[in-house]
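Remarks on the structure that follows.
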Number of protein chains: 2
Amino acid sequence: MKSTINAKDVAKLAGVSQSSVSRVYFEGAKVSEKTRRKVLAAAEELGYRPNEFARSLITNRTKIIGLVMKGVQNPFYPQVLTQFTAAFKKYGYSVLFVHTNNDEIETEDVETLLNYNVAGVVITDATMSLNVAESFRAHHIPLVFFNRKLSSSDFYSVCCNNLNAGRAIAEYLLMQGSANMAYISGNENTSTSLEREKGFSEVLALHNLEYKKHASDYTYGGGYATALDIIEAGELPSAFFVANDIMALGVLDALQKKGVAVPEQVKVIGFDNIEMASWPGYELTTWEQPIEKMVKETVKYLLSEMAGYTGSAQSVEVEGTLIKRKTT
Amino acid sequence: MKSTINAKDVAKLAGVSQSSVSRVYFEGAKVSEKTRRKVLAAAEELGYRPNEFARSLITNRTKIIGLVMKGVQNPFYPQVLTQFTAAFKKYGYSVLFVHTNNDEIETEDVETLLNYNVAGVVITDATMSLNVAESFRAHHIPLVFFNRKLSSSDFYSVCCNNLNAGRAIAEYLLMQGSANMAYISGNENTSTSLEREKGFSEVLALHNLEYKKHASDYTYGGGYATALDIIEAGELPSAFFVANDIMALGVLDALQKKGVAVPEQVKVIGFDNIEMASWPGYELTTWEQPIEKMVKETVKYLLSEMAGYTGSAQSVEVEGTLIKRKTT
DNA sequence: CTGAAAGCGCTTACAG
DNA sequence: CTGAAAGCGCTTACAG
């Protein structure tokens, strides 16, 4: 009992060679219209579907993209996941989803990606040790760090222009009349948190202003607890720049709980423009990350590298936009 | 230039046959400790990794699970995704993520799953036409509907016991003194929305109580708009049973906007117990879905079917728990 | 326990 | 444009 239909079966029914069947399903191969029709008819009748594994075994390539994600709890990332899945699907690629618990991707997950010989890898909110990244390079597997930059400039990354964003936010808050500001950071050493702060502090320095930095962790609970600490310590600034939206929501809830009026007593500005930022209960002013453009840039690079590997590196930065709502 | 190391290379270095190399990496095959050591040493030196595609081509099975998801915007599902990924990883399985836009899974996505000959499929919040489901059965690919039930009892499904949950919620609200209740449904024809309502209405009927049903769509915006309509129509009940949490948050925001006091004027109860339900700004009373148990049940079934296909069907229902907070 | 050999279902030079 | 044949890197009876 043979359960799967193969090219040979189709060939027999269509009255052509197995090679011809193969050619019909292989993009770029030449077949006459006549054989193509015969093959497709036979295939339809038998319910034939080319075996991806045999194909991958020979071509040594797959239509699978590895997508590595950590903070699935931050609503920003499900959005990213959806958009990537849709974008890759358009080109016939499927997504192997890898969830990592660490800031740095685990070797077990790297093994998985290499085992499945993925055509490309997107790492959305984690980093990777340089020698692991090199091993992808050795296999000619293109790699993009999405929303993260490595210290090494040897790898491709796609981010929002966090530096400019930080600057624009500082300028905006200055214009609004704030002088005594505070920055609530995300996880330490993430390039996003660092660069947002850098742009922010740069502009404040130009105006000879200092600001207070509070370390947090990119989660709602972190934002909430950090804000509570600040209020209880009596260190309330006139404006908070919070490194992402989900923390900013925590900050808003803490302020509300303590009866601090926003924006009258304190202004709050977030980062990402997640859907919840626009909810009537929050109406958070924030910086919109252009996810769609970022995804497009990532896919474009991956596609070109998959067509012909160069290993070229670049740090692409897409400009975002300030979204003014009711917390400033 | 040969880029990949294969079993033959390892065999040569280790001084054994290629079959022996294969046996070292094939679970259940017998090899002496001596050859195993020689092979592993050689493999280590060369950086050998068995080719998954060659393996799949022969065994006709993979270590890939197809996970189909629709409502990634509902925070319930990223949680589900994370837990499945972690659970499958424990057994060496990876997740092929498929995002569908339709309530019913698209044929294109089905093709993908069949092409990659996935070892099993989990469909989390979508349905599938019966003949498509049958085609998985024909390929002996086990299938679980997670959080959805098909009308046909021929397929395995794992849900929270929605009927009991609906009943318990009605009883709880009755005990709280509500008599004039309303149900805000999720997308029509989803088994979850239907069963939650069924249990709810059953209990109310026992008390000769009627309730008003408002159709909505399982989204925040839907909950918000529906509640606004109800308020503006002057049809405010004394308690809302909202079919999921994300809608319930929309309902709460609408009530707040209109100055309706919760729970004094209206009680609100949701479903899922997503993380946000516990946020200080909401403190939503809700029904906790035991995701962990549900995932465990799903994985258990899939694992056993992958070990030996039976095609057995069952509708597993796991009991949830009422989580009392401040909206009731 | 081990090796030689067949074969999984394809792609791809090579002739014609 | 088409067919016969080699080969991708494995698993798996079959002997020994």
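Sequence lines set the chain letters: A, B, ... in the order given, protein chains first and strands last, and positions in each chain run from 1.
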Across the strands shown, which category fits [X] at heavy-atom distances under 4.0 angstrom: base, sugar-phosphate, nothing?
X       : value
B:Ser56 : nothing
A:Val16 : sugar-phosphate
B:Val31 : sugar-phosphate

Would you say [X] places a side-chain N or O within less than 4.0 Å of OP1 or OP2 belonging to [N]?
X       : N     : value
B:Ser20 : C:dC1 : no
B:Ser32 : C:dT2 : yes
A:Ser17 : D:dG3 : yes

message: Quick check on contacts: within residues 45-54 of chain B, what sits under 4.0 Å from DNA chain D by heavy-atom distance?
response: B:Tyr48, B:Arg49, B:Pro50, B:Asn51, B:Ala54
- request: Could you list the residues that satisfy salt bridge (Lys or Arg N to Asp or Glu O under 4.0 Å) with A:Glu134, not counting sequence neighbours?
  value: A:Arg137
statement: Secondary structure of DNA chain D per the Watson-Crick/G-U criterion (both distances under 3.5 Å; [ ] crossing, | other strand, . unpaired) is |||.||||||||.|||
Within the sub-3.5 Å range, which N or O atoms of nucleotides 12-16 of chain D have a protein N or O partner, and how far apart are they?
residue : atom : partner : partner atom : Å
D:dA13  : N6   : B:Arg23 : NH2          : 3.1

query: Who pairs with B:Phe136 by ring-ring contact (aromatic ring centres under 6.0 Å, His included), at least two apart in sequence or on another chain?
result: none
- prompt: Does the distance from a Lys or Arg side-chain N to an Asp or Glu carboxylate O, for A:Asp103 and A:Lys70, drop under 4.0 Å?
  reply: yes
query: Is the number of heavy atoms from other residues, nucleotides or ligands under 6.0 Å of A:Glu104 CD greater than 12?
result: yes
Give the table of side-chain donor-acceptor pairs shorter than 3.5 Å for residues 293-302 of chain A, with sequence neighbours excluded, one pair per line with atom names and distance.
residue  : atom : partner  : partner atom : Å
A:Thr298 : OG1  : A:Met294 : O            : 2.8
A:Tyr301 : OH   : A:Ser312 : O            : 2.7

